[in-house]
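Chain A is the first sequence line, chain B the second, and so forth, proteins listed ahead of strands; every chain is numbered from 1.
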Amino acid sequence: MTEQRETRRIRFIQGNEACAEGALYAGCRFFAGYPITPSSEIAEVLGEKLPRLGGRFIQMEDEIAAMAAVIGASLAGVKSLTATSGPGFSLKQENIGYACITEVPCVIVNVQRGGPSTGLPTGPAQADILQTRWGTHGDHPIIVVTPSTVAEMFTETVRAFNLSEKFRTPVVVLADEIVGHMREKLVVPATGEIEILGRAKPACDPSEYRPYDVSRGDVPPMANFGEGYRFHVTGLSHDATGFPTSDAATVHADQVRMTRKIYGRLEEIEKSEETETGDAEILLVAIGSTARSARSAVRLARERGLRAGLFRPITLWPFPDARVRDLAKKALAVVVPEMNLGQLALEVERVAHCDVPITGVHSAGGEAISPAQILAAVEKAVVR
Amino acid sequence: MSGRYEIRLGGSGGQGLILAGVILGEAAAIHDGKNAVQTQSYGPEARGGMSKSDVIVSNEEIDYPKAYRMDLLLALTQASFSGYVKDVKPGGLVVYDTSLVRDVCEGNYRLVGIPIVETATRAIGKSMVANVVSLGAIVELTGIVSKEAVEKSLMGRAPRGTEEINRRALHAGYDLVKNAEQKTTAGNR
């Protein structure tokens with residue numbers, strides 16, 4: 001039995017279900033996790049479907065072990081996924097760092113709820129924006145994508161897998177409770193409609209294999225465990241052989257290389273959507289479900305003769321510095337609505353260099369930000 | 001219908017209103033070919049506590065997925081009536097259960113009180129189909145989705161063996177509204 005089909009199908013499903021379908025479409029055949037609201041439907045769907053596709057589904061004892069299992073499965077050559085929410089995402093950080101330094105492709109979904117700690121299990125939030133970038137310690141690059149529709153929960157999960165394989169890196173799909181639980185129409189693409197990437201395998205003889213050989217590019221070819229290529233994997237800083245080293249020059253160069261492999265190829269990673277930004281004097285920057293409210297607010301503002309426009313990062317990290325800087329330069333004011341007390345705004349402030357006043361619209365109580373709240377901030381920004 | 005039509009199904013956890021919203025949204029989006037978004041909000045409790053399900057139907061793209069200026073409010077608890085009625089838009093429709101909502105305030109909206117839970121319990125024999133009776137009432141009142149669409153969507157979601165009871169519950173919802181409207185007309189004479 002095969003999940004993929006020759007023709008498109010239209011379904012009315014949840015963002016979380018679309019995420020699970022996207023993972024299967026991308027070729028994911030391993031899931032390890034620990035159920036947590038508001039992400040559990042991803043595990044629920046995969047728990048049913050993965051075994052029927054010859055894949056594996058494991059409910060682990062906790063999120064730490066789940067992340068470890070995902071790394072192990074990926075080392076064996078299987079595209080692997082875990083899904084969680086804030087409390088579980090905090091637990092996964094140690095092993096996300098392990099995936100970063102060992103350069104193991106994997107996808108982590110975080111459907112955000114109110115925090116910190118147990119917080120608001122069923123209430124939406126966007127307060128893990130900085131945690132996705134800096135949650136695990138040490139300098140490390142990471143890619144984070146932020147869907148805003150059910151269709152994007154599918155397509156961005158597929159893209160997350162493609163990016164993780166292409167760049168040998170963990171990729172986070174950062175959703176929120178609204179996008180995760182919302183139901184909308186999804187046109188499931190037919191087989192082959194979206195390109196699916198796999199990891200680059202070594203061409204050399206197994207006896208000559210060096211797992212972190214970057215002589216031909218910043219992303220080293222990756223052998224599967226069990227195929228005769230014997231190699232060592234460690235969370236310690238290592239050289240091309242995979243064995244630990246504390247040689248300062250080697251370690252420094254490797255840190256620089258790991259960051260360059262992502263930040264040096266931004267054009268292959270960045271993705272965003274713009275609404276009415278051409279002549280925008282008031283620039284809105286928003287992600288996820290809040291971007292939907294912001295787009296409504298842009299329409300309402302335009303009806304009132306206000307030149308508002310929306311920039312929506314779809315790839316959140318690496319942050320789209322260049323484009324935000326350009327748009328902020330042309331604007332008289334920037335408004336950043338987000339379901340937290342101001343995280344995305346910090347990045348906008350960093351790249352806009354105080355050239356323009358920036359106001360936030362915040363909601364940290366587990367409720368969506370309404371278009372009217374954003375419109376009020378836009379109108380206030382114009383008066384100022 | 002051209003623009004946005006907002007529906008909120010309000011009640012308490014366990015009444016099946018989230019599923020009712022899903023069936024309604026699916027009827028609109030898949031079987032009637034419109035755009036629809038369904039969202040929900042509920043507490044951490046398995047049963048009890050406030051629960052609401054919003055369905056937005058539109059021929060255009062839907063940005064904001066929550067109801068904030070409702071065309072229709074269904075209230076199956078007093079708390080949901082009292083809490084949400086202020087967000088019903090002028091000229092909107094408020095449908096409530098006559099046994100669960102006792103304190104009804106008049107406003108710039110049309111009030112339709114019908115015995116939803118009693119119908120589910122007495123006529124169908126299962127209080128748990130109150131959500132489907134509600135669906136029937138909403139479709140009969142508003143025509144926001146076609147009857148063919150809602151029946152297809154309901155049959156697609158009903159667990160095997162419950163098709164007949166669900167169909168009866170849906171039709172009981174249609175009839176509740178028809179009867180209520182006949183009474184109103186008779187009263188006006």
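Side-chain N/O atoms of R159(A) and T315(A) include a donor and acceptor closer than 3.5 Å.
Within the 4.5 angstrom heavy-atom criterion, no atom of T149(A) approaches chain B. In this structure, chain B has a heavy atom under 4.5 Å from the backbone of I369(A), while its side chain stays farther away. Within the 4.5 angstrom heavy-atom criterion, only side-chain atoms of R157(B), from C-beta onward, approach chain A. When heavy atoms are compared at a cutoff of 4.5 Å, V22(B) approaches chain A by way of both its backbone and its side chain.
Between chain B and the options K185(A), E184(A), E177(A), Q14(A), heavy-atom pairs under 4.5 Å are most frequent for K185(A). In terms of non-hydrogen atom pairs under 4.5 Å with chain B, the most contact-rich of R299(A), R295(A), E367(A) is R295(A). For the options G366(A), G15(A), S370(A), heavy-atom pairs under 4.5 Å to chain B are most numerous at S370(A).
With respect to E156(A) and K271(A), a salt bridge is recorded, a charged nitrogen being found less than 4.0 Å from a carboxylate O. Of the charged side-chain nitrogens involved, none lies within less than 4.0 Å of a carboxylate oxygen, so that D63(B) and R292(A) do not count as a salt-bridged pair. Electrostatic pairing of E163(B) and R167(B) does not count as a salt bridge here, judged by no charged N lying under 4.0 Å from a carboxylate O.
Among V187(A), V188(A), V150(A), the one residue that satisfies the side-chain contact (heavy atoms from CB on, under 4.5 Å) test with R11(A) is V188(A).
Cation-pi geometry between K89(B) and Y109(B) is not met: the NZ or CZ atom fails to fall both under 6.0 Å from the ring centre and inside 45° of the normal.
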